[in-house]
Protein chains: 2
Amino acid sequence: MKQGAATKEEKQVRQAKRDPEGVRRDILAVAMEEFSQNGLSGARIDEIAARTRTSKRMIYYYFGDKEGLYQRVLEEAYAEVRGGESELELDGLDPVAALVKLCRYTFDHHRRNPSFIRMVMIENIHHGRHMQLSENIRGLNRLAIESLEAVLKRGQEAGLFREGLNPLELHWQISALSFFNVSNAATFSFIFGDALFMPDGQETLSSHVADMVLRYVRVEHPRPGA
Amino acid sequence: MKQGAATKEEKQVRQAKRDPEGVRRDILAVAMEEFSQNGLSGARIDEIAARTRTSKRMIYYYFGDKEGLYQRVLEEAYAEVRGGESELELDGLDPVAALVKLCRYTFDHHRRNPSFIRMVMIENIHHGRHMQLSENIRGLNRLAIESLEAVLKRGQEAGLFREGLNPLELHWQISALSFFNVSNAATFSFIFGDALFMPDGQETLSSHVADMVLRYVRVEHPRPGA
DNA sequence: GGCGTTATGTACGATTCAGTTAATAATGTG
DNA sequence: CACATTATTAACTGAATCGTACATAACGCC
C-alpha cells in the first residue's frame, strides 16, 4: 500500500515536470479551440503553439503535421460528445416521456457543445475527408439509433406511435433541428433577429422540437385504453 | 431613337471585346465555386484567376481584395436564391396544399443549390461577420416569413391550423430540416450510410418534412365541416 | 486625332506560415 | 552509468500566396 502510494506520488511529482499525456491533452484542447474557430486552413500552428504551455516543436513531435493534429482534434470532438445518450435511462420511462427526454437532451447537448458543432460543420465543408481516415468515429454514434429504435418499438407496441416509422429518419430529423439551431445561429439571427436565440426563445424551440417530433410519431386517433 | 439604337448596338459590339460586366460575372462565378469549396482562407486567388478568362489583376481591379471578393460572392449567393418563393403563388391554393408546396419547394431548392448552402455554412463559421457588411442580404429573406404568415393565417381562419403558431419559428423548422439535409450530408452518410441521400431516400425525406410540418400545425380534432 | 479614362497583362515584391534543423537538457530505465 | 524517451528553444528554409508596380491597350469624347 505504502509502496503503491509512494509510486503514485512519485508519478505525480514526475508529471509535474514530464507529462506526455498532459502535454497532448493541452495541445488538443488549444487546437480544438483554434480549429473550431478558424477551420483547417484558417487555423495557425504558431497560434496554437503560443497558447499551449509547450512549443511548436512538440506539436510536430506528437501529431506529425497540421492535418494529423486536425484529425485527432476531430476524433476528440466526437469522442467527447459520445455516451450521454446511454445514461439517459430511457427504458425506465413511458415511450412518450422517453422521446421527449431524448429530443430535449439532444437539443441541449448540441447547444452546450458549439465547438463540436463547428468541427462537424468544418468537416462537412471538407466533404468528410478526414473523418474517413478515423476508425473510431463511425462506431460511436450508432448507439443513438438503437436507443431510438427501442423507444419507437415500445411506443408502437403500446399503440401510441404509428407503424412504418424509420428510426434513422427520426434521428435525422431530431439532429437537423438541434444542429441547425447552433450551426446557423449567426446568419439566421442576423436576418430575422435574435429573439429565437435568447434564453426564452431557446426554451420555446426546445419544447417545440419535442412537440413536433411527438406529433409526427403519434397515432392520429389514440385509443384511450391503450 | 435611331441614335439610341445605334448606341446600343455599338455597345454590344464593344462588349464583344470589352465587357466589364461579363468579366465581373465571370470572376464571381469562378470565385463562388472556389470559395464554396474551400472557404475564405482555403480559397486561392491565383486559382480563381487561372480559371477565369481574365487575369488576377482584374480581380483586384474590380473587387479590391480577397475579402471584398468573398463578400460580393456571398451577396451573389443570397441574391441568386431569393425570389422563387414569390413565384409559388401560394394564395391560389388551400392552406394545406400551400404549406406542403412551400415545404417541398424549400427542401428541393436547398438541395439544388449546394454552393449557396456551403457559402452560408462558411459564413456561419465566420460568425456572420461579412454578411453584416452587406446591405441587401437582410431584406431578401424577409419575404419568406410574410408568405408563410399569410398561409398560416388562412389555415387558422379555416379552422385547419392551430392558434398560437409563430411563422418565424415555423420558418426556422422548415429551414433546419432542408438545410441540414445538404449541409451535413457528408458526415451523416459516412456514419449512418447514404440510404437517405439516394434519390428514393431524398424523396421520402422531402415528403416527410412536409408531413411533419403539417402534423405540427394542424388542429388535433378537425371539424369535418370546416 | 489627341487625351483622359477605363480595362488588361506580366512580372515581381513582400509576407505569411508550415515544417525543419540543430543544439541541448532533463528524466526515467535497465 | 549508458541510453532511450521526452521536452525546449530559436533560428531558419522554402514554398505558397496575397497584393502591387509598371507598362499598355482600347475606348469615348471633344
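The sequence lines fix the lettering, A, B, ..., with proteins before strands; numbering per chain opens at 1. Computation of the quantities below employed the complete heavy-atom set of this structure, encompassing side-chain atoms and omitting hydrogens, waters and symmetry-equivalent molecules.
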Nearest-Å distance for atom pair CG/C1', residues B:D46 and C:dT10: 13 Å

Residues forming a side chain to side chain contact (heavy atoms under 4.5 Å, CB included) with A:S41, sequence neighbours excluded: B:S41

Whole-Å gap separating C1' (C:dT6) and OH (B:Y62): 8 Å

Rounded distance in Å - CD1 (A:I48) to P (C:dG19): 11 Å

Distance flag, aromatic centroids of B:Y78 and B:F116, threshold under 6.0 Å: yes

Rounded interatomic separation in angstrom, taking CD1 from B:I59 and C1' from C:dA7: 15 Å

Sugar-phosphate only, base, or nothing, as touched by B:A43 at under 4.0 Å among non-hydrogen atoms: sugar-phosphate

Ring center gap for B:F180 and A:F179 short of 6.0 angstrom: yes

Atom pair distance, as rounded to whole Å: OH in A:Y60 and P in C:dC17: 12 Å

Spacing between A:R24 atom CZ and D:dT5 atom C1', to the nearest angstrom: 14 Å

Under 4.0 angstrom between A:S55 side-chain N/O and D:dA10 OP1 or OP2: no

Spacing between B:R53 atom CZ and C:dA7 atom C1', to the nearest angstrom: 13 Å

Presence of B:T54 side-chain N/O under 4.0 Å of C:dA7 phosphate oxygens OP1/OP2: no

First encountered from the 5' end of DNA chain C, between A:S41 and A:R57: A:S41

N/O (side chain, B:Y61) to phosphate O (OP1/OP2, C:dT6) under 4.0 Å: no

Under-4.0 Å side-chain N/O to phosphate OP1/OP2 contact, A:R44 with C:dC17: yes

Any N/O donor-acceptor pair, B:K56 side-chain to D:dG19 base, under 3.5 Å: yes

Minimum-distance nucleotide (side-chain atoms of A:K66 versus C:dA18, D:dT8, C:dT8): C:dA18

Touch class at under 4.0 angstrom, heavy-atom based, for B:F63 against every strand present: nothing

Value in whole Å for how far the C1' atom of C:dG9 lies from CE of B:M58: 8 Å

Parallel, tilted or perpendicular: ring planes of B:H126 versus B:H130, cut at 30 and 60 degrees: perpendicular

Axial cation check for B:F190 ring with A:R138, 6.0 Å and 45° limits: yes

